[in-house]
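These notes concern the structure reproduced below.
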Amino acid sequence: MSSAVVPHAFALAKIQPPRPRTSLVGRPALELALGAALLQQRLTLLLAPAGYGKTSALARQIRLLPPGTALAWVTADEDDQLPRFLACLGSALEPHDLPWRVDPEALATLALGERGLRAVADELINALAGAELVRGLLVLDDVHRIADPQVFELLQLLIERLPQHWGVVMASRLEPPLAMGRWRAAGELSEFRQYALRFNEDEVAELLASAGLPAGAGVARELLERTDGWAAGLRLNLSARPGDSAARAGVLTQRHLFDYLAAEVLDEMPAELRSFLLCCAVLPELTAARCAHVSGSPHAARLLAEVERRGLFVSVLDADELTLRLHDLFRDFLEDRLQRERAGELPALLRRAADGEDDLPRAVGYLARAGAWDEAAQAVAGRGVELLAIGGGPSLARMLALFPPAEFERRPELHFLRGLSCFPTFAFDTMLAAMQQAEAGFRAAGRDAQAWRARAYACLAMENMAQTEVAARELPKLLALPLDDGTRAFVCFGAAWAAYAQARAADVAPWFEQMLQALERVPEQPVWDSCFFHSLMVGMPGMDGLLERFGQRATALFGDTPTQLRAGVLHARVWLAFSAGRLDEAEHWLARADEDCRWLGRPRSVLTENHMAHTLVDAVCGRRDAAYAAALACRHDITEHGSAPNRLTHEYEVIFTHSRAAWILQDEATLRELDARLAQVLNPYEWAAARDDRCFSRAFIAMLEGRLHDAQALLVPLAIDHESSCFFPAAQATLLLADVRLRLGALDEAAATLRPWIARAMGGGSVGGALLCGWPVLQRLRDTRWGERLSVDEKAVLGRLAATLAPREDPAVRAARPGGPAARAPQDEAQLAPRVRAEGLAGLSEREREVLARLAAGDSNKLIARGLDLSPHTVKRHVANILGKLGVDTRGQAAARWREDS
């Protein structure tokens, strides 16, 4: 198998509609009714047993659609779980340049989140609605093969709100599990069942005539009665040798009739063609190269052309090279004959079918059927990591489940993949157990390098399993080993987090620097991507410069394409700007991070950073509703969707971040509720910062209640000269302590508290913690008559900090807003849209303006990509940015804005 192919690749035949046979007889009644349904109905259903010509009818009809009709065809397979189905659907829609706001490759990731299926349906509906065309069709063939109920749940949501100019078409042997009663009652559903699809007497007569056989009324009527208009039976009757087959077949069921007549057809073939078909029956689609490899025949191209010429129950797909798809009935028949006649050859045929198969689930399925567990494990291990990077966790889990327990247990690479799949969802308990099994297996096999890497991941899991001390001891031991740079970087990443977890603030930056040095020797994105999560370290001793260096290097190496890695860089830049008091810049980077989070499908791995940033930045900017929405989303995620160890380890941090927002907004009721909640969640899993966070929370309550001496006692141990945890608590505590002492009338002590901090700020140190104190505190510190206690320059620092927040706390705005005296009315997308539109094209980057100019000229994404030397993926991302910045929904509307404003 080639590892160069992207891991989510599937057989292109799945999204290629079949070409209609030129020899098909006309069926005017069916064609008229089906054609009208495809152009008018919300849902069209072709429902009949195998062999009734559902696919053939659709293949013929789609060729008769009016010019400009958009078509997305997906043929389902048994292993089409939701992620794979979404990948197929997104690729099938690719030629139509839909205005995606989420990367279609990230729809599977989006489905994993809160209300994931509804979110995916929303994105699909919005993209379809923005397509500027008269009619579009989503055609799903062989729907009966789909076993994943999530696919049908998504289809239900999609069809319910399908844009008027789109329709869904399904061909299936079984009625799909959809609530179709409302669509049926509203006349929005057309159904073509077995009776509608059967041939009538006139059509049978025409079929006989086209085959050069007697077509009298009696002959046609006899054949119709024998087959009941079943297309497969009709064709086999025409293909089988004459004799007593008709009389004997008349007493058989449809399936037995097919097998009986197919045997006659197969037995009459030349031996070479017969052997070729039996060997290639393991392939769902046939191309000359694939058939030659599997069958070993040097004449595969000629034999494939002969199969097509004979019309042997195959569909010709709309592909660049001759590609045939075997009908299920014929393929099942051939496989059964292969099993009975040449069973010993089947494992080797399946192994060869897996060779060169770009569709990983299909390849692993071949190898599993062959019992080739070593090759199957090698295939999964070779591409499973890349599959995880694009939300392929469910597909990977299904492949791992194919292995018998005994085969799975003895393969450490499979345990490693299982553990790795837990990392993005923070299921640290499962991750730890899997990585420990992987390490033991690798070590027993003498595969030390892999064992060391598994140990590194196990240590990271330990840090979230109340075993931080163990991890902190083990990680430095690993560094004494001859690690490759990728593993070394990840070990240092884990060691930095171990130091953070234990509040060893001075040790974080040295470990992070070693990590960065190792990364800079490995310019491979997956290696960097494993170390992306670090924005919480901004402000810790020595970290800011290292984080800036990380971001610059990552951007230089991997460009400006949205990835998990870039989202991590953007979140770090939010806090680096905030740390310097550049609040507008912090908001800019947060907006960029929002765009990436959405484009990536809002994966949990980046949402935690995003929610925490929004909680505090929105609170500082007076957006109460937005701040609280982010805080509650973060709390809900960790309590409802995370593993128990992750919740126990980090819930305190999420609650305290919410509490800090409530302090900024001076929301006493919420502060009291959160303080009580912090006390309730106390547990042994928590990191060292939890103790200080509870102390800080009690200080908030004491300050609100006017218990200033209590507040002073609580703040003193927190007001240290360095940051020991995320988002500047030491600086915030220092300024709050100065304010408390000021309110106690101790001006000398207040000034003495401020001076060292102001000196560090004037020397380029962080001022972000001061902004988290909120407007009332900064206003009071600015307006105090300090006299000679503070110099003019020191007072100026306080003035500048207060000025940063003052415009956001305009009294007129504060008095008018409904959210209370310390909350600013939120700006939702509807409120922001008029302002965005008023800015015209000024908000677009130079590259976005180039893309928009070509879009306005009528170029497709493919042409734009070629003209600007970009990837089509990047063009889609630019189009999404353009639509968002202009506040429009379609490419045509964006083009009109360009023509208006240029």
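Between the OG1 atom of T639 and the NE2 atom of H650 there is a distance of 14.0 Å, given to the nearest 0.5 Å. Atoms CZ and CZ, from F490 and R453 in turn, are 6.5 Å apart once rounded to the nearest 0.5 Å. Taken to the nearest 0.5 Å, the CZ atom of F533 stands 6.0 Å off from the CZ atom of F426. Put simply, CG on D596 and NE2 on H571 are 8.5 Å apart, with the number rounded to the nearest 0.5 Å. Taking CG from D544 and CD from E548, the interatomic distance works out to 6.5 Å, rounded to the nearest 0.5 Å. Interatomic distance, CG of L570 versus CG of N610, reported as 10.0 Å (0.5 Å rounding).
For the pair W663/L704, a side-chain contact is recorded, criterion being any heavy-atom separation below 4.5 Å from C-beta on. A 4.5 Å side-chain heavy-atom check between L718 and P729 finds every atom pair outside the cut-off. Side-chain contact check for L479 versus L483: some heavy-atom pair is nearer than 4.5 Å. The shortest distance between side-chain heavy atoms of N683 and Y652 does not fall below 4.5 Å. Looking only at side-chain heavy atoms (C-beta outward), E520 and R553 come within less than 4.5 Å of each other. Using a 4.5 Å cut-off on side-chain heavy atoms (C-beta onward), T487 and D484 make contact. Under the 4.5 Å side-chain criterion, counting only non-hydrogen atoms from C-beta, D783 is in contact with Q779. Counting heavy atoms from C-beta on, the side chains of L616 and F578 never come closer than 4.5 Å.
Between F493 and W497, the two ring planes are perpendicular [angle over 60°; tilted spans 30° to 60°]. In this structure, F696 and F656 have tilted ring planes: the angle between them lies in the 30° to 60° band.
For E794 and R755, the salt-bridge test fails: no basic side-chain N is under 4.0 Å from an acidic carboxylate O. Look at D739 and R780 and you find a salt bridge, because one of the NZ, NE, NH1 or NH2 atoms lies within 4.0 Å of a carboxylate O, short of that distance. One finds a salt bridge joining R623 and E587 here, because a Lys/Arg side-chain nitrogen approaches an Asp/Glu carboxylate oxygen to under 4.0 Å. The pair E595-R877 meets the salt-bridge criterion, with a side-chain N (NZ, NE, NH1 or NH2) lying under 4.0 Å from an Asp/Glu carboxylate O. The pair E474-K477 meets the salt-bridge criterion, since a charged nitrogen lies less than 4.0 angstrom from a carboxylate oxygen. A salt bridge is absent between E686 and R691: the closest approach of a Lys/Arg side-chain nitrogen to an acidic carboxylate oxygen does not fall below 4.0 angstrom.
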Evaluate D594 against H614 for side chain to side chain contact (heavy atoms under 4.5 Å, CB included), listing each step before the verdict.
CA-CA 10 Å; D594 290 345; H614 267 291; 2.8 Å; yes
Under the criterion side chain to side chain contact (heavy atoms under 4.5 Å, CB included), I'd like the reasoning laid out for H658 against L632: C-alpha separation, chi angles, the key distance, then a yes or no.
CA-CA 8 Å; H658 191 178; L632 292 172; 3.9 Å; yes
From CA spacing to verdict: side chain to side chain contact (heavy atoms under 4.5 Å, CB included), F512, L547:
CA-CA 9 Å; F512 194 90; L547 289 169; 3.7 Å; yes
Let's go through C634 and E609 carefully: what are the C-alpha distance in whole Å and the side-chain angles of both, what is the deciding distance for side chain to side chain contact (heavy atoms under 4.5 Å, CB included) to 0.1 Å, and is it a yes or a no?
CA-CA 9 Å; C634 199; E609 290 180 297; over 6 Å; no
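For the 3.5 Å distance criterion, the side chains of Q564 and S605 qualify, holding a donor opposite an acceptor. No side-chain donor-acceptor contact under 3.5 Å links D637 and H611. Side-chain contact of T649 with N464: a donor-acceptor pair under 3.5 Å is absent, judged by distance alone. If you check the side chains of D667 and Y628, you find a donor sitting under 3.5 Å from an acceptor. Counting only N and O atoms by type, the side chains of E585 and W589 include a donor and acceptor under 3.5 Å apart. A side-chain N or O of R741 and one of T753 form a donor-acceptor pair less than 3.5 Å apart. Counting only N and O atoms by type, the side chains of Q514 and R488 include no donor and acceptor under 3.5 Å apart.
Between the T555 side chain and the G551 main chain, a donor and an acceptor come within less than 3.5 Å of each other. Judged by distance alone, with hydrogens and angles left aside, the side-chain atoms of S535 form no donor-acceptor pair with the main-chain N or O of A572 at under 3.5 Å. In this structure, W528 contributes its side chain and L519 its backbone to a donor-acceptor pair below 3.5 Å. Between the side chain of H534 and the backbone N or O of F532, at least one donor-acceptor pair lies under 3.5 Å. In this structure, T734 contributes its side chain and A730 its backbone to a donor-acceptor pair below 3.5 Å. Using a distance-only test at 3.5 Å, with no hydrogens or angles considered, no donor-acceptor pair links the side chain of T784 to the main chain of W786. Checking side-chain atoms of K795 against main-chain N and O of G787 turns up a donor-acceptor pair under 3.5 Å. The backbone N or O of A631 sits less than 3.5 Å from a side-chain atom of T615, completing a donor-acceptor pair. Counting only distance, with no hydrogens or angles, the side chain of Q732 and the backbone of L772 share a donor-acceptor pair below 3.5 Å. Without hydrogens or angle criteria, R672 side chain to I701 main chain gives no donor-acceptor distance under 3.5 Å.
The nearest pair of heavy atoms linking P523 to L557 is CB-CD2, 3.8 Å. Pairing each heavy atom of E723 with each of A505, the nearest pair is O-CB, 3.5 Å. Summarising the geometry of A619 relative to I664, their closest heavy-atom pair is O-CG2, 3.5 Å, with the distance given to 0.1 Å. When every heavy atom of R785 is checked against every heavy atom of L747, the shortest pair comes out as O-CD2, 3.9 Å. Scanning all heavy atoms of the two residues, the minimum distance from E463 to W687 falls at O-NE1, 2.7 Å. Across all non-hydrogen atoms, the minimal contact from C492 to W511 is CB-O, 3.5 Å.
The local environment of CD in Q680 is crowded, with over 12 non-hydrogen atoms from other residues, nucleotides or ligands closer than 6.0 Å. In the displayed structure, E469 atom CD is contacted under 6.0 Å by at most 12 heavy atoms of other residues, nucleotides or ligands.
A cation-pi arrangement is absent between R660 and F727, since the terminal nitrogen or guanidinium carbon is not both under 6.0 Å from the aromatic centre and inside a 45° cone about the axis.
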